[in-house]
Undergrad: 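Before we start, here is the structure in question, set down as structure tokens.
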Amino acid sequence: MASVSLRRIMATSISNSYCQFGLKNRVVGVPRVPRRSFVVSASNFANENREFVIVGGGNAAGYAARTFVEHGMADGRLCIVSKVAFAPYERPALTKGYLFPLDKKPARLPGFHTCVGAGGDRQDPEWYQKHGIEVLYKDPVVSFDSNAQTVVTSSGKRIKYGSLIISTGAVSSRFPEKIGGDLPGVHYIRDVADADSLISSLQNAKKVAIIGGGYIGMEVAAAATGWNLDTTIIFPEDHIMSRLFTPSIAHRYEELYQSKGVNIMKGSLIEKLEAGTDGRVARVLLKNGTVVEADTVIVGIGAKPAVSPFGAVGLNSAVGGIQVDSLFRTSVPGIFAIGDVAAFPLKIYNRMTRVEHVDHARKSAQHCVKTLLTAHTEPYDYLPYFYSRVFEYEGSTRKVWWQFYGDNVGETVEIGNFDPKIATFWIDSDSRLKGVFLESGTSEEFSLLPQLARSQPIVDKAKLKSASTVEDALEIASSL
Ligand SMILES: Cc1cc2nc3c(=O)[nH]c(=O)nc-3n(C[C@H](O)[C@H](O)[C@H](O)COP(=O)(O)OP(=O)(O)OC[C@H]3O[C@@H](n4cnc5c(N)ncnc54)[C@H](O)[C@@H]3O)c2cc1C
Ligand SMILES: NC(=O)c1ccc[n+]([C@@H]2O[C@H](COP(=O)([O-])OP(=O)(O)OC[C@H]3O[C@@H](n4cnc5c(N)ncnc54)[C@H](O)[C@@H]3O)[C@@H](O)[C@H]2O)c1
Ligand SMILES: O=C1O[C@H]([C@@H](O)CO)C(O)=C1O
């Protein structure tokens, strides 16, 4: 008897609250919830209704929330289901300002909540409250039913959504336990808890080994020099940052790292991480028999899209992640995916891709929410943009910052001697400029890069090569 009347209450509440907006990209006839959502408290029938649910409270979620607010559609309608204890923050800070030595004013929350990285408001937990956005902290989604339009959280909350945005990001790739991947003193770095754990190791560290020569490897190795630690970076390729840098660019950075005291071990594969008598990691054994002593190991060997428990909405087998169209719609109406987890059409180069960088996390979130809330149907037309900054800590003798826009395909022309500038242009077989990299540019020079990579001018290689300075080269490329 009790459950029948509850069912009736639910049905009435839902039909009275159907969305009135009739917007293009939303599921029609989904429950709209009054400002403070109701809860039907019978244990086996405890759906809570939310009009919009974002799963994952990371970088993209922060920008999505801001876009909901900008459209006046957050208050009482939006719920963010987050695995972590913090409001969304700018993840790039974790391997930059967060790792400054403790006496050099390291970045800490609430300093870098989104959207400060793109010049927006600092959205601390009070910001979400003020805008009527519910954030469920430390309560990850553990299961999902697309027919019933529900997600269930680890605490047992069953939330029925109108529209669902999956922004679960990625997780660090790990070494298996059997080769020592979980030993105390072995660190992966994806979130604040990881960074705090690393800092507690760095405080007592003497010898640090960093495995992986990509973004994390380069940024953490630079940070370790700020802590004056004996630092070795180990990677399998024949140069650092091999997925983007040319051998020549890499050579300049490798020399800089070596000048700061970093040992570089290239072409090296890991056999195992071994513990000392205290059970903490003590050494890294390489497949070629070399032993690297280390009391702290940081592993940066890539990331994997966090698709679970949403695999059923459709994955992309080539690039991984959840497949979406140019409006971030998955194959299931009313379900969207953004940020690192989304496999989307990269219109400019006519291919599917996933991008694990913050600029895309921000832009995909904004584009998706705008599409969801308005009649906007312009396809996402993303221009890949990657950057890094290292040796930024106070007292560093050489701060380094680079940006890259476009596609690193074709032949390259390099101008400059890294003293401090260098520019590299990627030019395809039709003489089109496809990608451009700049180290130590001014903000005006950096602002030319997206224009060049977007417009893909036909380049006179001989003329470009004749440029005597980076400034000249950028001027020549921009005048084409
Ligand atoms: C250390 C580090 C430094 C970086 N630095 C740069 C940089 O300098 N420049 C750059 O361009 N990019 C950088 N990146 C990449 C950039 O941070 C990511 O591209 C960006 O964070 C992606 O945003 P996202 O929201 O898709 O994922 P995330 O920011 O990872 O957020 C996803 C969130 O979802 C949560 N989650 C996962 N599963 C669930 C679930 N089932 N239920 C609830 N919550 C869940 C996760 O815990 C996480 O909080 C860096 C990444 C890392 C790890
Ligand atoms: N500035 C930035 O954009 C920035 C900074 C930090 C992190 N991130 C993001 O964080 C994520 C993780 O970064 P990352 O540096 O770990 O990934 P990455 O892909 O940049 O680099 C991975 C490195 O690990 C090496 N590697 C892979 N498998 C290995 C193995 N089994 N043993 C030894 N080495 C191996 C690769 O060869 C490469 O050198 C990525 O999504 C990245 O985009 C970005
Ligand atoms: O995009 C970024 O955001 C953070 C920081 O600017 C936030 O304060 C950071 O270090 C970036 O590279």
Side-chain angles (χ1 to χ4, degrees), residues 54-64 80-84 86 88-99 107 111-119 122 136 138-144 151 153-154 166-175 179 188-195 210-220 233-237 239-244 266 268-270 286-287 298-310 321 337-342 354-362 364-365 385-390 392 401-404:
I54 298 176
V55 181
N59 233 130
Y63 284 80
I80 300 176
V81 187
S82 174
K83 194 183 210 166
V84 297
F86 304 101
Y89 55 84
E90 304 284 8
R91 201 166 298 287
L94 294 181
T95 36
K96 301 183 187 60
Y98 209 88
L99 296 185
F112 58 98
H113 283 298
T114 61
C115 297
V116 295
R122 184 159 59 85
L136 304 178
K138 291 176 35 180
D139 199 7
V141 165
V142 291
S143 70
F144 150 75
V151 290
T153 71
S154 65
I166 303 168
S167 67
T168 44
V171 291
S172 307
S173 300
R174 297 176 72 94
F175 282 128
I179 70 153
Y188 302 84
I189 179 157
R190 184 78 205 174
D191 60 24
V192 163
D194 298 334
I210 293 156
I211 303 175
Y215 287 95
I216 289 194
M218 285 194 75
E219 293 183 7
V220 175
I233 179 165
I234 306 164
F235 50 87
E237 297 91 358
H239 68 76
I240 209 149
M241 191 63 83
S242 64
R243 68 166 154 159
L244 177 63
K266 308 174 181 189
S268 302
L269 292 168
I270 306 301
L286 306 187
K287 284 211 192 291
I298 299 105
V299 182
I301 57 169
K304 295 196 185 88
V307 296
S308 175
F310 300 104
I338 57 177
D340 281 11
V341 79
R354 258 187 342 99
V355 172
E356 295 176 354
H357 294 272
V358 74
D359 179 60
H360 161 69
R362 294 167 179 161
S364 61
Y385 164 45
F386 315 131
Y387 69 86
S388 186
R389 303 188 310 270
V390 285
E392 292 184 286
W401 67 100
W402 60 261
Q403 296 185 5
F404 169 85

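Both counts, for ligands and for their atoms, begin at 1 and track the order of listing. Both backbone and side-chain heavy atoms feed into the values below; hydrogens, waters and symmetry mates do not. Starting from 1, each residue takes its place in the sequence as its number.
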Undergrad: For ligand 3, indicate whether the residue Arg362 contacts it via side chain, backbone, both or neither (heavy-atom separation under 4.0 Å).
TA: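 It is the side chain that gets close, since no backbone atom is under 4.0 Å.
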Undergrad: Answer yes or no for Ala93: is there a heavy-atom contact with ligand 3 below 4.0 Å?
TA: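 For ligand 3, residue contact (heavy atoms, under 4.0 Å) with Ala93 is present.
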Undergrad: Does ligand 1 have an atom that lies less than 4.0 angstrom from a heavy atom of Ser388?
TA: no
Undergrad: Specify whether His357 and Tyr215 have parallel, tilted or perpendicular ring planes, treating 30° as the upper limit for parallel and 60° as the lower limit for perpendicular.
TA: perpendicular
Undergrad: Indicate yes or no: does Arg122 engage Glu90 in a salt bridge with an N to O separation below 4.0 Å.
TA: no
Undergrad: Which option out of Asp191, Val358, Leu136, Val141 puts a heavy atom nearest to atom 42 (N) of ligand 1?
TA: Val141
Undergrad: Using a 4.0 Å cutoff against the non-hydrogen atoms of Gly117, which atoms of ligand 3 qualify?
TA: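 Ligand 3 atoms under the 4.0 Å threshold to Gly117: 3 (O).
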Undergrad: Taking a cutoff of less than 4.0 Å between a non-hydrogen atom of the residue and any ligand atom, is Tyr387 in contact with ligand 1?
TA: yes
Undergrad: Which of these, Gly56, Ser308, Pro92, Pro140, has its nearest heavy atom closest to atom 4 (C) of ligand 1?
TA: Pro92
Undergrad: How far is atom 31 (O) of ligand 1 from the closest protein heavy atom, and which atom is that?
TA: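 Atom 31 (O) of ligand 1 sits closest to the protein heavy atom Gly58 CA, 3.1 Å.
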Undergrad: To check your reading of the model: name the closest protein heavy atom to atom 19 (O) of ligand 2, its residue, and the distance in Å.
TA: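 Its nearest protein heavy-atom neighbour is Arg243 NH2, 3.1 Å.
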Undergrad: Any non-hydrogen atom of Val81 lying under 4.0 Å from ligand 1?
TA: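 The answer is yes: ligand 1 sits under 4.0 Å from a heavy atom of Val81.
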Undergrad: Within the structure, does at least one protein heavy atom fall under 4.0 Å of atom 9 (N) of ligand 1?
TA: yes
Undergrad: Counting heavy atoms only, which of Glu356, Glu90, Arg91 comes nearest to atom 48 (C) of ligand 1?
TA: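 Among Glu356, Glu90, Arg91, the closest heavy atom to atom 48 (C) of ligand 1 comes from Arg91.
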Undergrad: Which residue and non-hydrogen atom of the protein lie closest to atom 4 (C) of ligand 3, and at what distance in Å?
TA: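 Residue, atom and distance for the closest contact: Glu90 CB, 3.9 Å.
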Undergrad: Could you identify the single nearest non-hydrogen protein atom to atom 41 (O) of ligand 2 and state the distance to 0.1 Å?
TA: Glu356 OE1, 2.4 Å
Undergrad: Okay, side chain of Tyr89, backbone of Gly62: is any donor-acceptor separation there less than 3.5 Å?
TA: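 No: the side chain of Tyr89 does not pair with the backbone of Gly62.
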Undergrad: Counting from 1, what ligand 3 atoms have a heavy atom of Tyr387 closer than 4.0 Å?
TA: 1 (O), 2 (C), 11 (C), 12 (O)
Undergrad: Which protein heavy atom lies closest to atom 9 (C) of ligand 3, and at what distance to 0.1 Å?
TA: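 Minimum-distance protein heavy atom for atom 9 (C) of ligand 3 reads Arg389 NH2, 3.6 Å.
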Undergrad: Does any N or O atom in Thr95 lie less than 3.5 angstrom from one in ligand 2, N or O only?
TA: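 No; every N/O pair is 3.5 Å or more apart.
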Undergrad: When you compare ligand 2 with Asp340, is there at least one nitrogen or oxygen pair between them that comes in under 3.5 angstrom?
TA: no
Undergrad: Within 4.0 Å of atom 2 (C) of ligand 3 (strictly less), any protein heavy atom?
TA: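 Protein heavy atoms within 4.0 Å of atom 2 (C) of ligand 3 - there is at least one.
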Undergrad: Atoms of ligand 1 less than 4.0 Å from Thr95 heavy atoms?
TA: 1 (C), 2 (C), 3 (C)
Undergrad: Which of the numbered atoms in ligand 3 are below 4.0 angstrom from a heavy atom of Val116?
TA: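 It comes down to these atoms of ligand 3: 7 (C), 8 (O).
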Undergrad: Ignoring angles and geometry beyond distance, decide whether Ala60 reaches within less than 3.5 Å of ligand 1 through its nitrogen or oxygen atoms.
TA: yes
Undergrad: Considering only protein heavy atoms, which is closest to atom 21 (O) of ligand 2, and at what distance to one decimal place?
TA: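 Of every protein heavy atom, Gly214 CA, 3.3 Å lies nearest to atom 21 (O) of ligand 2.
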Undergrad: Should Arg91 and Asp340 count as an ion pair when the cut-off is N to O under 4.0 Å?
TA: no
Undergrad: List the closest protein heavy-atom neighbour of atom 53 (C) of ligand 1: residue, atom name, distance to the nearest 0.1 Å.
TA: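 I find the closest protein heavy atom is Ile189 O, 3.6 Å.
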Undergrad: Specify the protein heavy atom at minimum distance from atom 28 (N) of ligand 2: its residue, its atom name, and the distance to 0.1 Å.
TA: Ile301 CB, 3.8 Å
